[in-house]
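A quick write-up on the structure given underneath.
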Amino acid sequence: MMMAAAPSVSAAPAPGTLWSMIDGNKEYVVVNCINTIEYWNAHKYAWKKAGELFGVKTSWVGSDNDDTAVMVQNLESVISKKPAGIVVLGWDEGLAPSINKAVAQGIPICTFSGDVVTSKRDTWLGTNQHDLGYVGGKKYAESVGGKGKVAILTYPGKGLFDGRQKGFEDAFKEYPGIKVVAIGNTKTDPMVSIQAAKDILVRNPDLNGFVCCDATGAMGAVTAVKEAKLVGKVDIIGLDRDSDTLNMIKQGVIKGTIIQDDATMLYWAMFDLISANYYLRTALLSTDNKAAGAKLTPNRIETSINYIDKSNVDLYLAANKIYVSK
């Protein structure tokens, strides 16, 4: 005779633990822009998983363009709803007044990826943008024997892109045989990126390679190099791991790509916001943290930098499929 299985019992969190304090009805919101690019899929996946892990509600607000005014409107709308916490892409310093408003209202708020340095945000989370470019520059230089003419595809005037460009340039200073001959403006737009890369090739027919500060730059370079029939003669190092870039690595058109830890960036953001709402409100740094003007949230949380080439590209392509299947 078979005995019926005992019903499963979910034990309540032990009193006094972090899990017992968390209010599952509270909502945490990401405010983003250029929301249609594949790069955000891993972030969205991580944000949803973090909400499930901590037992809270999550949502994602994002415009399809990079208009700072639209981002400000979205952020202001989110603030008016008084969520438990906000994570905002640090796209432009124009976000600072709105970020400061959230801080003044006691809403924990973090920037991610890029930072808004003039704001009073609690914590910045993401990859060190200079190091991202520096690692990319070293990988490129090592792959070409430290010689040749190279162009950088970037978005000048945007803090996170300027940091990456400076990183590439600093890496190349260590290789006297490498000369940066052109800077192309992609505006993070695929069509603009293609034209920027084509223009560079026309002006520099002896170019040896492109290094890129975002995924649109890599694919713009791919199109330009293919149309000029220069595959195998002009090297490309990409940045980020959209599927088009990874497939071009498999085909040997792109040598490799430098990637940010997009899969955990927003997990650490959630951890930071949860900590700010519960533990850090009572942490004994002083007997009265508010009166003491004590800041307990981290100033910066840096995530890792990784590199994809033919040796590991299939593993990352498989992950890209998981992000959109859940």
Side-chain angles (χ1 to χ4, degrees), residues 30-35 37 39-40 43 61-76 86-103 109-137 151-173 180 183-189 192-193 196 211-218 220 237-240 257-262 265-266 268-269 272 297-305:
V30 171
V31 179
N32 192 47
C33 72
I34 323 177
N35 200 45
I37 61 174
Y39 172 68
W40 302 121
H43 292 84
V61 176
S63 57
D64 291 347
N65 57 36
D66 67 346
D67 189 329
T68 300
V70 174
M71 255 197 110
V72 168
Q73 291 174 6
N74 287 336
L75 180 54
E76 289 284 346
I86 301 171
V87 189
V88 59
L89 173 66
W91 184 248
D92 191 275
E93 293 298 324
L95 294 164
S98 300
I99 291 173
N100 294 345
K101 179 188 289 189
V103 172
I109 184 165
C110 303
T111 55
F112 80 103
S113 194
D115 198 5
V116 181
V117 295
T118 57
S119 74
K120 298 178 181 177
R121 55 88 177 133
D122 295 308
T123 303
W124 166 82
L125 303 104
T127 311
N128 183 302
Q129 301 301 313
H130 174 273
D131 290 356
L132 196 62
Y134 181 81
V135 170
I152 301 174
L153 293 174
T154 185
Y155 190 173
K158 291 294 182 182
L160 68 166
F161 290 91
D162 288 345
R164 296 170 189 179
Q165 179 182 333
K166 182 66 163 53
F168 276 117
E169 292 169 338
D170 285 347
F172 294 148
K173 288 176 183 176
V180 177
I183 306 293
N185 188 350
T186 71
K187 297 184 179 179
T188 66
D189 181 293
V192 175
S193 298
V211 295
C212 308
C213 292
D214 76 322
T216 65
I237 292 286
L239 194 143
D240 293 332
T257 189
I258 310 303
I259 67 164
Q260 305 175 71
D261 191 356
D262 46 17
M265 200 178 291
L266 290 184
W268 293 115
D272 189 70
T297 50
N299 291 323
R300 299 170 62 85
I301 298 176
E302 286 194 15
T303 50
S304 59
I305 299 170

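Remember, predicted model here, so these are calculated numbers, not experimental data. Below, each value reflects all heavy atoms present in this structure, side chains not excepted, and no hydrogens, waters or symmetry copies.
Relative orientation of the F161 and W91 rings is perpendicular, given thresholds of 30° and 60° on the angle between their planes.
Side-chain atoms of N32 never come within 3.5 Å of backbone atoms of N35 as a donor-acceptor pair (strictly under, hydrogens ignored). At least one donor-acceptor pair closer than 3.5 Å links the side chain of T186 to the backbone N or O of T188. The closest donor-acceptor contact from the side chain of D122 to the backbone of I109 lies under 3.5 Å.
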Does the pair D66 and Y155 meet the rule for a side-chain hydrogen bond (donor to acceptor under 3.5 Å, both in side chains), with working shown? CA-CA 12 Å; D66 67 346; Y155 190 173; 3.0 Å; yes

Passes side-chain contact (heavy atoms from CB on, under 4.5 Å), Q129 versus Q260? Steps please. CA-CA 9 Å; Q129 301 301 313; Q260 305 175 71; 3.8 Å; yes

Candidate pair K166 and D170, rule salt bridge (charged side-chain N to carboxylate O under 4.0 Å, His left out), full reasoning: CA-CA 6 Å; K166 182 66 163 53; D170 285 347; 3.0 Å; yes

Derivation of the side-chain contact (heavy atoms from CB on, under 4.5 Å) call for S193 and L153: CA-CA 8 Å; S193 298; L153 293 174; 5.9 Å; no

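Remark: Y134 pairs with no residue by the ring pair (Phe, Tyr, Trp, His ring centres under 6.0 Å) rule, at least two apart or across chains.
Shown here for E93 and V117, the closest heavy-atom pair between the two residues is OE2-N, 3.0 Å. Taking all atoms of both residues into account, the shortest heavy-atom contact from T123 to P298 is OG1-O, 2.6 Å. Taking all atoms of both residues into account, the shortest heavy-atom contact from D272 to C110 is OD2-SG, 3.2 Å. In plain terms, the two heavy atoms of T257 and G238 that are nearest each other are OG1-C, 3.0 Å.
The side-chain hydrogen bond (donor to acceptor under 3.5 Å, both in side chains) test with R121 singles out one residue from N100, T297, D115, N299, and that residue is D115.
The distance from atom CZ of R164 to atom OG1 of T154, rounded to the nearest 0.5 Å, is 8.0 Å.
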